[in-house]
Amino acid sequence: MMDQIARTLSLPESPREFGFFIDGEWRHGREMAEQRSPAHDVPVTRVARCTTDDLNDAVAAARRAFEDRSWAGLSGADRAGVLLRAADILRRRRDEVAYWEVLENGKPIAQARAEIEGCIACFETAAGAARLLHGDSFNSLGDGLFGMVLREPIGVVGLITPWNFPFLILCERVPFILASGCTMVVKPSEVTSATTLILAEILTEAGLPKGVYNVVTGSGRTVGQAMAEHPDIDMLSFTGSTGVGRSCVHAAADSNFKKLGLELGGKNPIIVFADCDLEDAADAAAFGISFNTGQCCVSSSRLIVEASVADEFERLLVDKMRRIRIGDPLDEATQVGAITTPAQNDTILGYIEKGRQEGARLLTGGEVLQIGAGRFIAPTLFSGVRRDMAIARDEIFGPVLSSFRFETMDEAIALANDTVYGLAASLWTKDLDKALTVTRRVSAGRFWVNTIMAGGPEMPLGGFKQSGWGREAGIYGVEEYTQIKSVHVEIGKRTHWIG
């Protein structure tokens, strides 16, 4: 079947139905929700709509699996073995997983395959981290006392993932959570659930004990909110908007003070100095705003360019953006696909109209593209943007780039930091002093110099300010799901308090 999919890249004849996964078993939903392809407007999947009772069952299964130590009690080497087998199975099923990502999300097939390769790397990296996770010792407490610091898995993790990178964001978390020894309940976005459920098949085949990975599907308002409030979930990892992240904070405080890991919104700058390679920087800016149709939390949505080269740079950028290949995501040549949901499509178009109304100058894009039956928006560049405009301040989550100009480095830094967010930033210069100074002074959890959206699972992910709490991926991402225990061991006979 997968050879046929890879060869023909055709639409399925009928929607694929998915149940949900609890305690190593598949369950059937009493209600089903249909997802239509954003690029073709045909039904592609039907997924169960779970209830809070289903969530309670999943949390109970995860709790049993954690407490019986079928996973937490294994050595790091044994956990690594399961993660490496999962990587091998995923490599074998890469084209299948990519295919369902494209159908539900609308991203190009070439991009989806590349993301799956990144997911394989996440499992392999986490396998190494599972073997290296360690605590510390203190031999400095005197001859009568020895101290140890133990890292222990935090327990049951609730994981809520978004629709823009359904499988990649899942795999930037799941293998590292598993490496820590935790168990989990995952709730994917209701519009992109297929690949999260396919991962259940992969992990089962890899030998993961039952109850360690559970998946409940359905709406964020019902299942997601109940997960945030659940008193038997020890930690919640949420990726999505800052507004929903704020509600997670309130829910956690009102329930059991569960630990939170939050990767939230971004309004990320790309800073271009006159001394850089302008052609390289223009290509990066076009990629940074158009990748995944701009539906990307680290999308570079604010261009901050030195005034002396701003006109030239904008001409280069307009040319690049107009030559982006936009079309059917099942076409191997497509670079930018469809907008995932009707609501997001309306949001993006609404911000483009606000940009016009507030006086920004539209240099390119801004229009709906008629490509089959799908939702497509041309990558859009506004110039002459003021700091108080909606397109300058709000996370649009679409292919809309706002251009600003600066005269001095201090002005560029001030523009870059003029946001409540601090998720990512990109800087272009050939001057090492500038690069290090700006890198140190711009508030962003991820920073790229003369590149954009580069890196791998060895490096931590996360934001500053209202872009989130905590870090994912790499050894930091394993440690995030642990808690520290201080152990004091008396050596020899204790001196009595009462003589």
Side-chain angles (χ1 to χ4, degrees), residues 1-2 5-6 8-21 29 31-50 90 93-116 118-119 159-172 174 186-202 215-220 223-224 239-240 291-297 327-331 334 336-345 371-377 397-398:
M1 177 183 176
M2 285 309 102
I5 287 173
T8 64
L9 295 176
S10 58
L11 292 167
E13 294 180 1
S14 59
R16 179 175 174 179
E17 292 204 0
F18 289 90
F20 56 103
F21 190 73
E31 295 183 17
M32 306 291 284
E34 182 179 270
Q35 172 64 6
R36 304 178 74 85
S37 165
H40 311 94
D41 197 30
V42 298
V44 289
T45 56
R46 297 184 73 245
V47 179
R49 294 182 65 87
C50 291
L90 180 55
R93 296 181 67 173
R94 182 199 67 167
D95 289 344
E96 174 194 5
V97 177
Y99 176 74
W100 291 105
E101 282 282 280
V102 170
L103 291 184
E104 286 194 326
N105 173 272
K107 66 181 62 198
I109 185 65
Q111 176 187 325
R113 289 200 192 101
E115 288 175 12
I116 306 307
C119 295
L159 177 58
I160 301 175
T161 56
W163 48 257
N164 60 329
F165 292 96
F167 201 68
L168 180 61
I169 287 177
L170 180 75
C171 293
E172 287 175 342
V174 166
V186 183
K187 195 210 84 70
S189 166
E190 56 266 38
V191 298
T192 53
S193 300
T195 53
T196 302
L197 293 160
I198 291 172
L199 185 60
E201 300 174 351
I202 292 170
V215 183
V216 289
T217 51
S219 75
V223 182
T239 304
F291 179 67
N292 212 54
T293 62
Q295 299 172 130
C296 181
C297 57
D328 187 339
L330 290 174
D331 185 335
T334 294
V336 171
I339 305 300
T340 303
T341 71
Q344 189 57 33
N345 189 74
I371 303 173
R375 295 181 293 272
F376 298 87
I377 297 175
F397 220 61

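The shortest non-hydrogen separation linking Pro15 to Arg46 is CB-CG, 3.9 Å. For Thr340 against Asn105, the heavy-atom pair with the smallest separation is OG1-O, 2.9 Å. Contact record, Gly224 with Ile160: O-CD1, 3.8 Å, taken as the closest heavy-atom pair. Across Pro329 and Thr334, no two heavy atoms sit closer than the pair CA-CG2, 4.4 Å. Across Thr195 and Pro166, no two heavy atoms sit closer than the pair OG1-CB, 4.1 Å. Closest heavy-atom contact between Arg36 and Pro43: NH1-CD, 3.7 Å.
To the nearest 0.5 Å, the span separating OG1 on Thr293 from CG on Asn164 amounts to 9.0 Å. The structure places CD1 of Ile377 at 8.5 Å from CD of Gln344, a figure rounded to the nearest 0.5 Å. Here OG1 of Thr161 is found 7.5 Å from CD1 of Ile169. Values are rounded to the nearest 0.5 Å. We find the CD1-CZ distance between Ile202 and Arg93 to be 5.0 Å, quoted to the nearest 0.5 Å. One finds the CG atom of Leu199 at 7.5 Å from the CG atom of Leu90 (value rounded to the nearest 0.5 Å).
Between Arg16 and Val44 the shortest side-chain heavy-atom distance does not fall below 4.5 Å.
For Thr45, the side-chain contact (heavy atoms from CB on, under 4.5 Å) criterion is met by Phe18, Gln35, Val47, Trp100, Glu104, Ala194, not counting sequence neighbours. With sequence neighbours excluded, no residue forms a ring-ring contact (aromatic ring centres under 6.0 Å, His included) with Phe20. For Phe167, the ring-ring contact (aromatic ring centres under 6.0 Å, His included) test picks out no residue, with sequence neighbours left out. For Asp328, the side-chain contact (heavy atoms from CB on, under 4.5 Å) criterion is met by His40, Leu330, Asp331, not counting sequence neighbours. Applying the side-chain contact (heavy atoms from CB on, under 4.5 Å) test to Ala338 and every residue at least two apart in sequence or in another chain returns Pro38, Ala39, Phe376. The side-chain contact (heavy atoms from CB on, under 4.5 Å) test applied to Glu115 returns Glu101, Lys107, Gln111, Phe165, Leu168, Phe291, Asn292, not counting sequence neighbours.
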Original post:
Please walk me through it: do Thr217 and Glu190 pass side chain to side chain contact (heavy atoms under 4.5 Å, CB included)?
Top reply: CA-CA 6 Å; Thr217 51; Glu190 56 266 38; over 6 Å; no
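Of the possible donor and acceptor atoms, one in the side chain of Arg375 sits under 3.5 Å from a partner among the backbone N and O of Ile339.
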